[in-house]
Amino acid sequence: VFDVERFALDDGPGIRTVVFFKGCPLKCTWCCNPESQSRSTEVAYSEKKCIRCGKCAIICPKHAIRFSGSKGYQINREQCDACGLCAEICPSKAKEIIGRYVTVREIMDDVKKDAIFYRRTGGGVTLSGGEPLIQSAFAKELLEACKSIGLSTAIETCGYASWANFEMVKAHTDLFYYDLKLMGDELHKKCTGVSNKLVLENLKKLSTVGTPIIVRVPLIPGINDSLENFRAIGSYSASLGANVREIQILPYHALGIPKYEKIGRICEVKSLGLSEERSLEQHMKIIEGYGLKAVIGGR
Ligand code: SF4
Ligand code: SF4
């Protein structure tokens, strides 16, 4: 996992703990959590936090850290094996390890700390990512542990997983958040790296299971915000029956862009600007036109 967030309010009913799984089969060009994409642990470096003490360069067994003038103590990613020693010694947290191995019991110890808040607000635990279903055995065990103490459970998925992985978790999940990004397959491949066929197929199958599904559409200006794409999303979702009744439109934000540099990557998509309200209304009307509830933002 790369994060466990307590007191989350946007990822399901009530107050929730969100467990962010590391690793995703999609590589969306606009991704605001690039640290979620790789399944491996990674080292992040924040030049702004660095106090130039040089300790990381001395301790690195791979000699992967060099002083680079105004860029501070940069990491040669080809030499680094993410051992984490630089992060351990760094006094200012300028170097940090992203991703850790956890057991179900460790996560549950954290989850149980907020039991009183879940009970009072109807909250619980949401598995997010990255993509929880690429670690479906762990996801299943975690969901079972949550259900065994009466907690509500939700999964946020990009939908790109084998149906067998969905089958492992579906009986233990109270709510699915299901991403639909682009209905045109060619553009989907170009912008996410994979075809949308499996995503659409799984959504269709999942809609017959009986668990409520909220479809989530990130609204990315210039990429998937065409009215045609929204008509196709509305029409497909409406055809799936009573378990899919709500679509959440998530306006793009550029907060993830600085994260790319921290993990030694280049963001392909620069700032796209915020979605305009007028445009959001148009998109909502299209969705509502198909008899679906349209909501801006998560919850
Ligand atoms: S994680 Fe280990 S190998 Fe990588 S830069 Fe830090 S100390 Fe060096
Ligand atoms: S140990 Fe931390 S603060 Fe010191 S040079 Fe390295 S990154 Fe900067």
Side-chain angles (χ1 to χ4, degrees), residues 1-6 8 17-111 127-139 141-142 156 158 192-193 253-271:
V1 304
F2 70 93
D3 201 5
V4 176
E5 185 188 345
R6 292 168 66 192
T17 294
V18 183
V19 183
F20 291 90
F21 286 51
K22 193 155 166 33
C24 184
L26 271 59
K27 301 283 173 280
C28 303
T29 52
W30 59 82
C31 181
C32 61
N33 284 324
E35 75 278 28
S36 72
Q37 292 183 347
S38 165
R39 283 188 75 157
S40 311
T41 50
E42 295 168 273
V43 193
Y45 173 54
S46 167
E47 184 268 316
K48 283 194 188 119
K49 287 190 192 166
C50 176
I51 56 169
R52 278 35 177 191
C53 69
K55 287 181 180 174
C56 55
I58 294 167
I59 205 164
C60 176
K62 299 280 177 188
H63 308 292
I65 300 176
R66 294 253 188 294
F67 183 63
S68 316
S70 62
K71 290 192 165 172
Y73 282 82
Q74 291 289 327
I75 303 163
N76 181 331
R77 306 268 165 188
E78 281 172 18
Q79 282 169 250
C80 169
D81 66 359
C83 71
L85 287 174
C86 56
E88 258 173 52
I89 204 167
C90 179
S92 65
K93 295 201 185 314
K95 287 209 164 63
E96 281 182 292
I97 278 281
I98 301 174
R100 63 194 166 103
Y101 290 93
V102 289
T103 62
V104 168
R105 182 180 288 188
E106 280 164 355
I107 296 281
M108 290 308 291
D109 285 346
D110 268 350
V111 162
L127 311 191
S128 184
E131 173 51 60
L133 295 183
I134 62 170
Q135 300 183 58
S136 52
F138 178 74
E141 269 192 50
L142 186 51
E156 294 177 342
C158 70
T192 71
H253 63 75
L255 299 176
I257 291 179
K259 295 185 189 175
Y260 283 81
E261 200 182 335
K262 285 185 186 170
I263 56 171
R265 289 180 50 190
I266 295 165
C267 181
E268 287 173 44
V269 171
K270 299 298 171 200
S271 178

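In each ligand, atom 1 is the first atom listed, and ligand 1 is the first ligand listed. Side chains included, hydrogens not; waters and symmetry mates left out as well; all remaining heavy atoms used.
- Side-chain atoms of I75 and Y45, non-hydrogen and from C-beta on, do get closer than 4.5 Å to each other.
- Contact annotation: for C83 versus ligand 1, heavy atoms closer than 4.0 Å belong to both the backbone and the side chain.
- The atoms of ligand 1 that sit less than 4.0 Å from any heavy atom of K62 are 3 (S).
- For K49, the NZ atom is densely surrounded, since the number of other residues' heavy atoms within 6.0 Å is greater than 12.
- Here is the list of ligand 2 atoms found below 4.0 Å of a heavy atom in Y45: 7 (S).
- Annotation: the span from L255 atom CG to K259 atom NZ amounts to 8.0 Å, rounded to 0.5 Å.
- Note on atom 6 (Fe) of ligand 2: protein N/O/S atoms under 2.8 Å are C56 SG.
- Between K22 and Q37, every side-chain heavy-atom pair lies at or beyond the 4.5 Å cut-off.
- Taken from CD in E156 to CG in L133, the straight-line distance is 11.5 Å, to the nearest 0.5 Å.
- In this structure, V43 and R77 have side chains that are in contact, with non-hydrogen atoms separated by less than 4.5 Å.
- A donor-acceptor distance shorter than 3.5 angstrom exists from the side chain of Q79 to the backbone of K62, with no hydrogens or angles considered.
- Of all the atoms in ligand 1, the ones that sit under 4.0 Å from a non-hydrogen atom of V43 are 1 (S).
- Atom 4 (Fe) of ligand 1 has as its closest protein heavy atom C80 SG, 2.4 Å.
- Taken from CD in E42 to CZ in F2, the straight-line distance is 10.0 Å, to the nearest 0.5 Å.
- Of all protein heavy atoms, the one closest to atom 8 (Fe) of ligand 1 is C60 SG, 2.3 Å.
- Each of K71, K95, R52 was checked for a salt bridge (Lys or Arg N to Asp or Glu O under 4.0 Å) with E47, and the lone residue meeting it is R52.
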